[in-house]
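Single-structure report; data block below.
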Amino acid sequence: PEATRVEPVVRDVPSAIRGTIGAESSFRGTDPVLVSGYGLVVGLPGTGGGPYPTPVMATMEREIARQGMGRATFNEGHALAGLTPRQILDSTSVAIVIVEGVVPPGAPRNGIFDVRVRKLAGSAVTSLEGGTLWTTDLRFGPPSVTGGMQARALGEARGPVFINPFAEPGGVVLAGAASAAPATDAQPAADSGGEAAPIPEADGIIRTTGRILGGGRITDPLALELVLDNASHARASAIQGAINARFPIEPGQREPTARGRGPASIAITIPPSYRLRSSEFIRLVQGLRTETGFGDEFARRAVQELEQTPALAEQLGWILQAIGQPALPFVSKLYDHPELVPRLAALRVGARLGDIRAAAPLRTIATDANQPMVLRAEAAELLGSVPNDPSTDLALRAIASDSTDLELRLAAYTAMIERDDPSIRRERVIIGGRRSGSNMEKFELHLVPAKEHLVYVTQTGRPRIVVFGSDATLARPSLAGIWSDRLLVAADGPDDAVRMMFRDWRSEGASARQTTIGPTLAEFIRTLAHKTTPEEPEIGFDLSYSQVVGAIYNLQRAGTITAAFAVERDRLVDRMTEAQRIVAGEDRAENRTTAAAQREQRARLISAANQPIVKPTTPEPGSMVVPLPPRQAPR
């Protein structure tokens, strides 16, 4: 056959970037992937129930039977004891829901992510408050029913449902609101795809949609692939060798980080140490040079280019970080550079490579009141990566204690957590008590020594309540009642104990529980969440994480809690919107110029989602309420 002339692909990149892996190859599989499935929320106080579409009912009956749930599964006295799968689905303590999540790019096996649950359109479910999601398989694309095409299961989800923390527990839904509600941008109408229209409620809070923080777990990760611009066995072999030299096999890692599949493709496995930093790992691989020797010379040239061309500071920073320890002697010369951009780029590299010489300049920036707050916050967060030393520990504690800027305090707290600072007391509040054997945590309680008192709560990842000021107390004297006076808090004098009374909306007719506690905010939070058990007979109110957060917020507004209150920025909605935008954008008319490439990419993604991987990879933190703005890059 006649030879075919092939024009090599040559990228127009700055000379300083040439020779890196990112200059001659591209990653595939780095877009967030939307996964979903039908799940079962149990333990509802009579707010569940159908009717549900027949195919969905059949699917869930089969799933219940497959998991061995039936008449003999539950102990006597359990709400579902003695029920058949169909009777379980008909129970008002159970709701069939749509479970959705976004798998992060390159996420490894056992990586965790947040998921969202929402009611099915047309069902009688009025609230998911107090429910727990049974283990649900999450598959690529929209949820599917029995008999339909089943995509590969990428993960699973389970755990207690977290609804709007500012909703009143046991709030009543307006009668007939489901059918009378008009469709709006924030409240879409149901469509043929099973989208559930949120139900307006008496207090304006939607209780038919919730989330499970850190409830998703990846069981079968999608492959991460590096594709060369120009197919070449020699170049693929050189790239594979460079990646494996920089990222050797770690304990618990089953296969090499890079594994060649041919002249144009290399399979990438994210090492366990980067399982929570997949984006950082990808940038490091892109910054690697295929020549594994002469690291000192490459570092010297990159530092010179950084001084001469500050516009390339970000890319050169990743190249220097990819070189590793041999780059530090050259990078450290820029720690006191007169120009801000090269100095910050060098300090980022030094901190991430664990150079203790970067600590002093970073402390200077973090504690300098004349510096922009965004730079101070970044410097404080970078201090979490440098080796432990007393001066850095004291500086971070002072920032977390005294600063009046929320973002700066949180950056210092994040660095303290990364450094495992012993001044932070960490407690786990567990469902059923600490010694009950249950592994279903409600949340983590962190107590940070601070002069300026603040309560900070998370909405993503592992549920966490952070109290800045471990000595923070409730106001005394005080009297406050919230949630239609179902929770009362009172203290008669400045030196008196605090009395608490709670009437559970889930047990109508039951007498209210009362207890007396000390004045500290930490003890108050423990009492709200603690469940009284024979092993731990102390009186507690057994509130969920969202209910504890709601109680703190309402009592802070009432003046009983004098500490400021802040909530983490909600990133789950942003991630889901981005994942949906990526999928929807492939078929838009204005993108027809790249339609062929997009169809090929989507076909490969679907193929990867439906084909098993032969060798699966190993396992791998004022008064409110203002979400934190996204951090802006310094100019």
Side-chain angles (χ1 to χ4, degrees), residues 306 310 313-314 317 331-352 354-419 421-424 446-457 466-472 556 562-569 621-635:
L306 178 59
E314 183 178 0
V331 171
S332 60
K333 297 177 182 179
L334 301 183
Y335 289 170
D336 57 354
H337 195 278
E339 292 188 28
L340 179 62
V341 173
R343 182 167 80 249
L344 284 177
L347 288 172
R348 291 189 192 103
V349 175
R352 290 167 181 163
D355 187 6
I356 196 170
R357 292 171 292 183
L362 287 172
R363 288 197 303 268
T364 300
I365 296 175
T367 56
D368 186 357
N370 295 321
Q371 292 288 349
M373 197 59 67
V374 66
L375 295 184
R376 296 181 62 188
E378 183 183 7
E381 193 166 340
L382 286 172
L383 285 171
S385 301
V386 301
N388 291 338
D389 71 280
S391 298
T392 299
D393 292 335
L394 292 174
L396 290 173
R397 293 172 189 174
I399 294 173
S401 173
D402 302 333
S403 176
T404 57
D405 182 81
L406 177 60
E407 186 174 3
L408 180 58
R409 297 186 77 180
L410 295 179
Y413 160 73
T414 301
M416 293 169 68
I417 289 294
E418 189 172 351
R419 298 168 67 85
D421 193 313
S423 67
I424 297 180
H446 289 187
L447 304 177
V448 183
K451 296 178 182 178
E452 296 291 332
H453 294 169
L454 166 70
V455 179
Y456 174 70
V457 298
V466 185
V467 178
F468 289 81
S470 52
D471 59 342
Q556 194 261 1
T562 57
F565 185 83
V567 177
E568 180 188 24
R569 172 184 168 85
S623 188
M624 98 121 255
V625 169
V626 180
L628 292 180
R631 178 173 296 171
Q632 301 295 323
R635 295 190 177 182

### Query
Excluding sequence neighbours, so at least two apart, what forms side chain to side chain donor-acceptor pair (under 3.5 Å) with Asp393?
Arg419
### Query
Are the side chains of Leu344 and Leu375 in touch, meaning some heavy atoms are under 4.5 Å apart?
yes
### Message
Using the side chain to side chain donor-acceptor pair (under 3.5 Å) criterion, which residues pair with Asp368? Sequence neighbours excluded.
### Response
none
### Task
Report yes if the side chains of Asp405 and Arg376 come closer than 4.5 Å at any heavy-atom pair, otherwise no.
no
### Task
Please find out if less than 6.0 Å separates the ring center of Tyr413 from that of Tyr456.
no
### Summary
Sorted by chain and number, sequence neighbours left out, salt bridge (Lys or Arg N to Asp or Glu O under 4.0 Å) with Glu418 holds for none
### Partners meeting side chain to side chain contact (heavy atoms under 4.5 Å, CB included) with Leu394 (sequence neighbours left out)
Arg397
### Message
With heavy-atom distances below 4.5 Å as the criterion, would you say the side chains of Ile365 and Leu347 are in contact?
### Response
yes
### Task
Check whether any side-chain heavy atom of Tyr335 lies under 4.5 Å from a side-chain heavy atom of Leu362, and answer yes or no.
no
### Message
So which atom in Ile399 and which in Ala412 form the shortest heavy-atom distance, rounded to 0.1 Å?
### Response
CG2-CB, 3.7 Å
### Query
Under the side chain to side chain donor-acceptor pair (under 3.5 Å) test, which residues partner Ser403, sequence neighbours left out?
none
### Query
What pairs with Ala345 under side chain to side chain contact (heavy atoms under 4.5 Å, CB included), at least two apart in sequence or on another chain?
Leu306, Ala313, Arg348
### Query
What heavy-atom pair brings Leu447 and Ser470 nearest, and what distance separates the two atoms?
CB-CB, 4.0 Å
### Shortest non-hydrogen contact between Val448 and Ala400, atoms and distance
CG1-CB, 4.4 Å
### Summary
When every non-hydrogen atom of Pro449 is compared with those of Ser423, the smallest separation belongs to CD-O, 3.2 Å
### Summary
Residue set satisfying side chain to side chain contact (heavy atoms under 4.5 Å, CB included) with Ser391, at least two apart, ordered chain then number -> Arg363, Asp389
### Message
Taking side chain to side chain contact (heavy atoms under 4.5 Å, CB included) as the definition, give me every residue that meets it alongside Glu452, ordered by chain and number, with sequence neighbours left out.
### Response
Arg409
